[in-house]
Amino acid sequence: MSEAPAGAGERAGPEPAPPRALARTLPGGVGGAVRGGLSLLPALAVLGFVGLALAAPLLAPHDPVLPAPGAGMLLPPGSEGFPLGTDSFGRDQLSRLIFGARPLVLTAVLSVALAVLAGGLLGLAAGVEGGPVGAVIMRTMDVLLSFPLILAAILVVAALGPGTLNMTLAIAASQVPVFARLAQSLAAGEAARDYVLAARALGFGRWRVMLSEVAPNVAPALLVQATSAVSTAALTSAALSYLGLGVQPPTPDWGYMVKEAQEFIFFAPEQAIIPGALIALFSLACAFAGDAATARMRRREEMR
Amino acid sequence: MLAFALRRLLALPLLLLAVFTLVFLALRVLPGSAVDTLSSQLTSAHLREQLVRELGLDRSLPEQYAITLGQILQGDFGRSFLTGREVGRMLATALPPTIELAVASLLVMVAFGLLTGLVAAAAEGSALDWGLRGLAMVLFSVPWFWFGLLLVIVFSLWLGWLPPNGRLPAGIDYAPVTNFVLLDAALTGRWDLVGPWLRHLTLPALTVGLTTAGMLTRIARDATIATARLDFVRTARMKGAGGLRVFLRHVLRNASLGILTIVGVQFGAMLGGSVVAEVTFGYPGIGKMLVDAVTGRDYAAAQGAALAIATLYILVNLATDLAYRAADPRLRRA
């Protein structure tokens, strides 16, 4: 889970190994080109998933919700007209897989965006203002963090009822403390700097200081953390849907597809394997992209 | 050290109170709360009224809060709407399997994470290091339930070695005393329970343990490499200490602090993973109880299960913090 990696990684961050350091000082060259290409790969994969979600109606050969006319139930992969077979309702598995990208990508990205906004604002307020307001905000965040991420999400779903939108809110709420903490620690550091003092001396209001002075300096780190957080959010989204608390049938969703296929696991294991593998690939691509973004940010800071 | 431990222990009731408040509010105040949905399913006005009175919903919110808190402090968690059983009893039945699963997963996680992390550190920069780091990344990016099903496909479907679900074979003659199988086996001399129990525990524990081990691999590797670069390690080598001795007494001992922290943090991820794994494997623990309760809008059971999980999590975090202090003499003195 992503509660720890950023901080823990920093604490234990090793010095760069000699050969790498050498490669870094020599821009270009074969190694550099390969590494540059490799570090772009996860970002491209993420874009691929987004593209799949957007273009689903163009790509899917059949309707993802209605049973294909004349198709049998649980046809094996390789059946004529149904390259990946059909599910237990006689729906085209390939079309369901293509449309299944939508809820996962949407809920993961949207929930993290909401969490960055809400957590970022709370953290900024706590960091810039400090005092009792800051203390109340941060202690509340501590209590929220004393829940395992998925338990918090399950509780919010319990309160709001299952569904795609409620699940998005639940995941966002469970991630808010992560961003609030990060924003608070960064903003507290910025608040002591001269430019903030200058802005205050010029008579800028607290909101202006917070949003137009401090926020731009805090945002990059938040966005880098957000890239990794999408990976966790995707896993939480898939898990909630798998538990029956997220995306509701008949909307095709990879997590729920695994749940449905579990009944036939001894009969048609590929129906559970493929959607799960797609969830893993998306989450992995986001995690690698987040790592690459973190490394890039650190390198930039070192150069400063 | 003692002052720190005392302070943390004194803060514990406050933290638990805060957690209770959050759970209470989540289940009752938010729009479309569990209670609304629950009572809307009852067609008879009479039944609804009875339920509302039974749950104390005709009282004001602060009153409800005080009453519920008072009952829980006396060990009364209410009655499950779905099963009709006392939630306290359900918790007593569901907690032991979850603790068994957590301990088994922890063993898997620590064994696998440490081994891969230390090997990767020893082979720093090699293809092996690269591969192990990639594996770690994959392990913490796979969905828990999917990984569990893959294990079922391989070990139950293809190889037929291990049972795909449950905690003990159906129809086994077992009357729980503590519901901890090992403890009961010792108390009642039923050692024949242990074999089937371990066979059922293996796949869920591998699922939760391995999917949370990736982070530990990473941290153990980085911490070991960072420590090995420090001056005192070089000094020890210069004084002629052997490779293994330097590694065990100097490097590992100092790197263990960072590793210990991450084990505590990962326990939270593990509890989350076990909620899902318990559902996947039909394993009768607290996570399955929570999901069943939330799905069935059984809010007394949901409240009890959520409180139990959060309490477990908080206690483990506290234990990790204390262990961390105890292991680091610099912090002990501070």
Side-chain angles (χ1 to χ4, degrees), chain A residues 1-5 8-9 11-15 17 19-20 139-140 142-144 146-152 154-162 166 231 235-236 238-239 242-245 254-255 258-259 261-262 265-266 269 272-273 275-277 279-281 283-288 291, chain B residues 15 18-19 22-23 26-27 29-34 37 124-125 137-138 140-147 149-150 152-153 156-157 164 212 215 218-219 222-223 225-226 229 258 261-262 265-266 268-269 271-273 275-276 279-280 290-291 293-295 297 299 302 306 309-310 313-314 317:
Chain A
M1 309 263 296
S2 77
E3 286 156 72
R11 201 177 317 130
E15 300 159 31
R20 261 204 202 164
R139 289 299 82 74
T140 313
D142 286 348
V143 173
L144 286 178
S146 62
F147 279 71
L149 214 62
I150 190 150
L151 176 65
I154 288 178
L155 272 181
V156 178
V157 170
L160 300 177
N166 291 346
S231 167
L235 288 178
T236 315
Y242 168 80
L243 294 175
L245 301 173
W254 293 337
V258 175
K259 177 198 176 77
Q262 193 176 344
I265 188 115
F266 291 103
I273 294 176
I279 300 167
L281 272 180
S283 165
L284 191 64
C286 293
F288 270 119
D291 259 24
Chain B
L15 194 53
V19 165
L22 275 182
V23 172
L27 289 171
V29 176
L30 292 172
S33 80
T37 321
E124 191 195 345
M137 203 76 167
V138 170
F140 65 74
S141 300
V142 296
W144 307 298
F145 54 90
W146 180 67
F147 190 72
L149 287 179
L150 288 188
V152 167
I153 290 171
S156 306
L157 177 63
T212 41
M215 189 62 70
R218 212 174 157 161
I219 302 295
D222 289 357
I225 291 176
R229 290 222 174 85
T261 328
I262 209 67
V265 171
Q266 281 304 89
L271 276 180
V275 170
V276 181
V279 174
T280 302
L290 176 71
V291 174
V294 168
T295 314
R297 302 255 151 219
Y299 95 119
I309 295 176
Y313 182 54
I314 289 170
N317 270 343

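Lettering of chains follows the sequences in order, A, B, ..., and the numbering in each one begins at 1. Note that the structure is a prediction, hence the values are computed from the model and not measured.
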Going from [atom1] on [X] to [atom2] on [Y], what distance comes out if it is rounded to the nearest 0.5 angstrom?
{"X": "B/Ile153", "Y": "A/Ile265", "atom1": "CD1", "atom2": "CD1", "result": "4.0 Å"}
{"X": "A/Leu284", "Y": "B/Phe140", "atom1": "CG", "atom2": "CZ", "result": "9.0 Å"}
{"X": "B/Glu124", "Y": "B/Asp222", "atom1": "CD", "atom2": "CG", "result": "9.0 Å"}

At a 4.5 Å cut-off on heavy atoms, which part of [X] comes close to chain B: side chain, backbone, both, or neither?
{"X": "A/Phe266", "value": "both"}
{"X": "A/Asn166", "value": "neither"}
{"X": "A/Ala277", "value": "both"}
{"X": "A/Pro275", "value": "neither"}
{"X": "A/Leu235", "value": "side chain"}
{"X": "A/Leu151", "value": "side chain"}

Subject >> Nearest heavy-atom neighbours spanning B/Met137 and A/Phe288 >> reply: CG-CZ, 3.5 Å
**OP:** Considering non-hydrogen atoms only, spot the tightest contact between A/Gln262 and B/Thr280 and give its length.
**Re:** NE2-O, 2.9 Å
**OP:** Determine, step by step, whether A/Ile279 and B/Trp146 satisfy the side-chain contact (heavy atoms from CB on, under 4.5 Å) criterion, reporting the C-alpha distance in whole Å, the side-chain angles of both residues, the deciding distance to 0.1 Å, and the verdict.
**Re:** CA-CA 9 Å; A/Ile279 300 167; B/Trp146 180 67; over 6 Å; no
Subject >> Which of A/Pro269, A/Gly244, A/Ala285 touches chain B most, by non-hydrogen pairs under 4.5 Å >> reply: A/Pro269
**OP:** Could you check which of A/Thr140, A/Ile154, A/Val157, A/Asp291 has the highest count of heavy-atom pairs closer than 4.5 Å to chain B?
**Re:** A/Asp291
Original post:
B/Val294 pairs by side-chain contact (heavy atoms from CB on, under 4.5 Å) with which of A/Leu243, A/Leu245, A/Leu155?
Top reply: A/Leu245
Original post:
Top residue by heavy-atom pair count (under 4.5 Å) with chain A, among B/Pro143, B/Gly125, B/Ala18?
Top reply: B/Pro143
Contacting moiety of [X], where chain A heavy atoms sit under 4.5 Å:
{"X": "B/Ala306", "answer": "both"}
{"X": "B/Val142", "answer": "both"}
{"X": "B/Leu157", "answer": "both"}

Original post:
Can you tell if the side chain of B/Trp144 reaches within under 4.5 Å of the side chain of A/Ile150, non-hydrogen atoms only?
Top reply: yes
